[in-house]
Novice: 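Mind having a look at this structure? Questions to follow.
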Protein chains: 2
Amino acid sequence: MDLQKFVINFANSYRKKEFIVFSAECEVTYSGKTETKLSLGDRVILLKPDGSLQVHQPTGNVPINYVKEGTDHNINLLDGNRVIINSHNIPQGDYMQIIVHTLHFFNSHKTEDGHKIQLTGTEKDMSDMIYENPTLVEQGLKSVKQEEQTNYGFIDVLCRDENNNLVVIECKRVKADFSAVSQLRRYIDRVKETKGITNIRGILVAPAITTNAEMMLNDYGYKFVAIDPPRYLEKLKKSQKSLGEF
Amino acid sequence: MDLQKFVINFANSYRKKEFIVFSAECEVTYSGKTETKLSLGDRVILLKPDGSLQVHQPTGNVPINYVKEGTDHNINLLDGNRVIINSHNIPQGDYMQIIVHTLHFFNSHKTEDGHKIQLTGTEKDMSDMIYENPTLVEQGLKSVKQEEQTNYGFIDVLCRDENNNLVVIECKRVKADFSAVSQLRRYIDRVKETKGITNIRGILVAPAITTNAEMMLNDYGYKFVAIDPPRYLEKLKKSQKSLGEF
DNA sequence: GGGGAGAGATGCCGC
DNA sequence: GCGGCATTTCTCCCC
């Protein structure tokens with residue numbers, strides 16, 4: 001497909017809100033939240049029906065450049081042998097420019113997909129599990145409230161221990177770091193202040209914790225309990241079962 | 001292209017490490033860090049030369065499903081009218097399965113792109129600007145050190161004020177929130193402890209701060225100074241200039 | 001490779 | 001829309 005035909009096809013497909021996919025040797029500049037410049041190379045470009053556009057290099061999980069949904073796009077022949085695509089998103093303050101030198105392929109088509117993804121094994125699942133069964137965390141623990149709102153953010157799970165101390169529990173589905181400990185401390189500070197109580201404990205629940213974060217946690221007098229998110233428990237059970245079967 | 005030809009072309013292109021792009025009505029399941037299920041719909045799929053694969057719905061800036069670089073892929077006819085692609089990444093513990101019902105288009109090609117993106121206007125640029133010119137933040141401020149390491153993380157800029165107090169400065173390139181305040185507090189706590197001093201102040205520098213975060217900041221006795229990242233300053237100057245010209 | 005923190009983070013939900 | 005926060009975050013840098 002020559003560049004003139006590319007311009008016409010692109011414009012038609014864009015007007016019809018089709019999913020446009022093409023590959024080209026191109027340069028990209030972006031101006032908005034920052035300024036970026038990407039010199040000539042081969043990239044695959046997706047322009048979705050919602051107006052979002054992504055530029056993909058041959059490596060990496062994320063687009064090297066992009067504009068969000070609701071962006072307006074404009075295509076023109078720049079001279080005999082180049083094409084320029086200007087993309088504006090006024091509310092976002094974003095502007096992107098692609099200069100196409102060579103087109104490798106072009107495709108566009110109507111798409112139908114109303115489905116949402118179903119996902120399990122999130123932090124919320126972990127919080128639910130602990131709220132339902134707080135003794136997983138500590139003997140004698142009783143759940144009080146989930147997602148308790150404070151002015152300093154919300155607490156994953158609030159419990160009482162067997163000595164009737166309030167216990168603030170913060171869950172992380174991956175290895176806990178400094179910011180998790182800071183978050184826990186922030187909630188405890190706030191509860192101490194608003195409820196005017198001092199017999200309050202903090203527990204950080206995660207599959208693991210970094211060494212330094214654990215030291216900080218200990219400095220603050222809080223506790224770490226290692227628990228995997230629900231999905232990992234299932235996986236573990238299955239693998240143990242399989243091992244048994246062999 | 002019929003499904004049998006799709007399987008053959010896919011396998012050939014994959015072996016040659018070409019950039020594969022296709023669109024299909026398909027189902028996707030993923031098992032790894034979580035478990036996901038996505039039922040039948042139209043998606044565009046990218047398989048890059050590095051082994052990473054992404055599934056894109058017609059909307060959104062990010063892939064709905066993906067596996068990272070270094071993943072192994074396997075394609076087969078499932079029965080007369082479906083194709084199954086199995087993707088494994090053993091080190092990551094990831095497994096993905098795509099069942100293709102209808103193929104909309106297929107393309108693959110060699111790509112060349114060794115270029116890295118150039119980017120300006122980051123938090124580091126902001127930190128540099130403040131280190132070079134600390135009086136932007138406060139009259140009489142003198143820079144001491146950039147990226148001072150503490151056991152609780154590193155400090156963006158360390159200064160002394162005109163009364164010889166140590167001043168810890170934390171920069172954010174976007175509106176500051178609770179976690180920025182928590183971060184500042186963590187560093188100050190640590191400096192107080194390790195250096196055994198109490199005449200230490202905290203300043204949070206950002207273009208803006210949320211109301212609640214500012215209350216928390218005030219509770220802790222720290223200070224907020226509104227400064228835009230370098231690029232925004234330029235932008236502001238330009239827009240003021242333009243206004244003057246009209 | 002782990003730890004720590006930024007990112008043009010993105011996306012989701014709540015108010 | 002802002003706020004608060006998780007994310008299969010991803011990416012980079014430093015130890």
Novice: Evaluate the ring planes of A:His88 and A:Tyr95, with Trp represented by its six-membered ring, and classify them as parallel (under 30°), tilted (30 to 60°) or perpendicular (over 60°).
Specialist: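 Ring orientation, 0 to 90° scale: tilted.
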
Novice: Please state the C1' separation for the pair D:dT9 and D:dC5 - nearest whole angstrom.
Specialist: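 Nearest-Å result for D:dT9 against D:dC5 at atom C1': 12 Å.
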
Novice: Remember a base hit wins even if backbone is also touched, and classify A:Lys124 as base, sugar-phosphate or nothing at under 4.0 Å, heavy atoms.
Specialist: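 It contacts nothing in the nucleic acid.
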
Novice: Would you grab the first and last nucleotide of DNA chain D (5' to 3') that comes under 4.0 Å of any non-hydrogen atom in chain A?
Specialist: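 Under 4.0 Å from chain A, the extent on DNA chain D is D:dG4 to D:dT11.
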
Novice: We want to know whether A:Ser179 and A:Asp177 form a side-chain donor-acceptor pair, criterion being a heavy-atom distance below 3.5 angstrom.
Specialist: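 Distance-only check passes for A:Ser179 and A:Asp177.
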
Novice: Only Watson-Crick and G-U wobble pairs, only distances under 3.5 Å, only runs of 3 or more: what stems does that leave for DNA chain C?
Specialist: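 Paired runs of 3+ in DNA chain C: C:1-7 with D:9-15, C:9-15 with D:1-7.
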
Novice: Just checking B:Gln183: base, sugar-phosphate only, or nothing, at a heavy-atom cut-off of under 4.0 Å?
Specialist: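 Contact class for B:Gln183: sugar-phosphate only.
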
Novice: Could you work out the separation of C:dT10 and C:dG6 based on their C1' atoms and round it to a whole Å?
Specialist: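 So the two C1' atoms sit 14 Å from each other.
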
Novice: Would a distance-only check, ignoring hydrogens and angles, find a side-chain to backbone donor-acceptor pair under 3.5 Å from B:Tyr187 to B:Val168?
Specialist: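 Answer holds: no.
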
Novice: Verify, without hydrogens or angle tests, whether A:Asn218 (side chain) and A:Glu214 (backbone) share a donor-acceptor contact under 3.5 angstrom.
Specialist: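 Such a contact is found between A:Asn218 side chain and A:Glu214 backbone.
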
Novice: Assign B:Phe178 to base, sugar-phosphate, or nothing according to its heavy-atom contacts below 4.0 angstrom with the strands shown.
Specialist: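 It contacts sugar-phosphate atoms only.
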
Novice: Is it the case that the side chains of B:Lys48 and A:Gln57 hold a donor-acceptor pair, with the cut-off being a distance below 3.5 Å and no angle test?
Specialist: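 No donor-acceptor contact under 3.5 Å links the two side chains.
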
Novice: Would you measure the distance from the C1' atom in D:dT7 across to the matching atom in D:dT11 and give it in whole Å?
Specialist: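 14 Å, rounded to whole Å.
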
Novice: Distance check, C1' atoms only: D:dC10 and D:dA6, in whole angstrom units.
Specialist: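 Nearest-Å result for D:dC10 against D:dA6 at atom C1': 14 Å.
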
Novice: Determine the interatomic distance between C1' on C:dG11 and the same-named atom on C:dA7; round to the nearest Å.
Specialist: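 To the nearest whole Å, 14 Å.
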
Novice: So what does B:Tyr152 touch, heavy atoms closer than 4.0 Å: a base, only the sugar-phosphate, or nothing?
Specialist: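 Contact class for B:Tyr152: sugar-phosphate only.
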
Novice: Thinking salt bridges, do A:Lys37 and A:Glu35 make one under a 4.0 Å N-O criterion?
Specialist: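 Here A:Lys37 does not pair with A:Glu35 in a salt bridge, since their nearest N and O are not under 4.0 Å apart.
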
Novice: More 5' along DNA chain D: B:Thr211 or A:Thr122, using each one's nearest nucleotide?
Specialist: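 Result: B:Thr211.
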
Novice: For A:Ser179, which contact category applies under a 4.0 Å heavy-atom criterion: base, sugar-phosphate, or nothing?
Specialist: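 Nothing, no heavy atom under 4.0 Å.
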
Novice: Between B:Thr36 and B:Asn65, does any side-chain donor sit less than 3.5 Å from a side-chain acceptor?
Specialist: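 There is such a pair between these side chains.
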
Novice: Take B:Glu170 and A:Ile209, find for each the nucleotide of DNA chain C with the closest heavy atom, and name the residue whose nucleotide sits nearer the 5' end.
Specialist: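 Result of the comparison: A:Ile209.
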
Novice: Tell me whether the ring of B:Phe154 lies stacked over the C:dG4 base, given a 5.5 Å limit on centroids and a 30° limit on the plane angle.
Specialist: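 Here B:Phe154 fails the 5.5 Å or the 30° condition.
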
Novice: Just the rounded figure in Å: distance from C1' of C:dG8 to CE of B:Met126.
Specialist: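 About 15 Å, once rounded to whole Å.
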
Novice: For B:Glu69, which contact category applies under a 4.0 Å heavy-atom criterion: base, sugar-phosphate, or nothing?
Specialist: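 No contact.
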
Novice: Return the residues of residues 57-67 of chain A meeting this criterion: a heavy atom under 4.0 Å from some atom of DNA chain D. Order them by number, or give none.
Specialist: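 Heavy-atom contacts with DNA chain D come from A:Asn61, A:Val62.
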
Novice: Roughly, in whole Å, what's the span from CD in B:Glu148 to C1' in C:dG4?
Specialist: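 One finds 15 Å between C1' of C:dG4 and CD of B:Glu148, rounded.
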
Novice: Taking atom P of C:dC12 as reference, at what distance in whole Å does atom CG of A:Leu119 sit?
Specialist: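 Taking atom P of C:dC12 as the reference, CG of A:Leu119 is at 11 Å.
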
Novice: For side-chain contact (heavy atoms from CB on, under 4.5 Å), just list the numbers for B:Asp219 and A:Arg190, CA-CA rounded to whole Å, side-chain angles, deciding distance to a tenth of an Å, and then say yes or no.
Specialist: CA-CA 11 Å; B:Asp219 288 349; A:Arg190 193 58 188 175; 4.0 Å; yes

Novice: Parallel, tilted or perpendicular: which fits the ring planes of A:Phe178 and B:Tyr152, with parallel below 30° and perpendicular above 60°?
Specialist: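 Ring orientation of A:Phe178 relative to B:Tyr152: tilted.
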
Novice: What integer distance in Å separates B:Gln118:CD from C:dG8:C1'?
Specialist: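 Rounded to the whole Å, the gap is 16 Å.
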
Novice: Counting any heavy atom closer than 4.0 Å, what does A:Asp94 reach on the DNA or RNA strands: base, sugar-phosphate only, or nothing?
Specialist: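 A:Asp94: base contact, heavy atoms under 4.0 Å.
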
Novice: If you pin A:Arg186 and A:Pro91 to their nearest nucleotides in DNA chain D, which one's is more 5'?
Specialist: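 Nearest nucleotide further toward 5': that of A:Pro91.
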
Novice: Rounding to a whole Å, what distance do you find between A:Asn212:CG and C:dG1:C1'?
Specialist: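 In whole Å, C:dG1 C1' lies 15 Å from A:Asn212 CG.
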
Novice: Take the protein atom CD of A:Glu214 and the nucleotide atom C1' of C:dG4, then report the distance between them rounded to whole Å.
Specialist: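 These atoms are roughly 17 Å apart.
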
Novice: Strictly by modelled atom types, are A:Asn212 and A:Thr210 linked by a side-chain donor-acceptor pair under 3.5 Å?
Specialist: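 No pair is found: no donor N or O on one side chain lies under 3.5 Å from an acceptor on the other.
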
Novice: In terms of side-chain heavy atoms, does B:Ser127 have a donor or acceptor partner in B:Gln146 at a distance below 3.5 Å?
Specialist: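 A donor-acceptor contact under 3.5 Å links the two side chains.
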
Novice: Other residues, nucleotides and ligands only: do more than 12 of their heavy atoms fall within 6.0 Å of CD on A:Glu112?
Specialist: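 Incorrect, the count does not exceed 12.
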
Novice: Do the side-chain N and O atoms of B:Ser52 and B:Asp50 include a donor-acceptor pair separated by under 3.5 angstrom?
Specialist: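 Judged by distance alone, the side chains do pair up.
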
Novice: Measuring from atom OG1 of B:Thr59 to atom CD of A:Glu69, what distance do you get when rounded to the nearest 0.5 angstrom?
Specialist: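 Going from the OG1 atom of B:Thr59 to the CD atom of A:Glu69 covers 7.5 Å.
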
Novice: Once you apply a heavy-atom cut-off of 4.0 Å, does B:Glu147 come out as touching a base, just sugar-phosphate, or nothing?
Specialist: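 The answer is nothing, as B:Glu147 stays clear of every strand by at least 4.0 Å.
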
Novice: Identify which nucleotide among C:dG8, C:dG4, C:dG6 has an atom closest to any side-chain atom of B:Lys172, counting heavy atoms from C-beta outward.
Specialist: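 Between C:dG8, C:dG4, C:dG6, the one nearest the side chain of B:Lys172 would be C:dG6.
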
Novice: Starting at atom CG of A:Leu38, determine the distance to atom C1' of C:dG8, rounded to an integer number of angstrom.
Specialist: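 Answer to the nearest Å: 14 Å.
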
Novice: Distance check: side-chain N/O of A:Lys68 vs OP1/OP2 of C:dT10, anything under 4.0 Å?
Specialist: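 Answer is yes, contact under 4.0 Å.
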
Novice: When the nearest nucleotide of DNA chain C is assigned to A:Ala176 and to A:Gln149 on a heavy-atom basis, which residue is associated with the more 5' position?
Specialist: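 The answer here is A:Ala176.
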
Novice: Just how far, in rounded Å, is C1' of C:dC15 from CG of A:Asn151?
Specialist: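 Value for this atom pair: 14 Å.
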
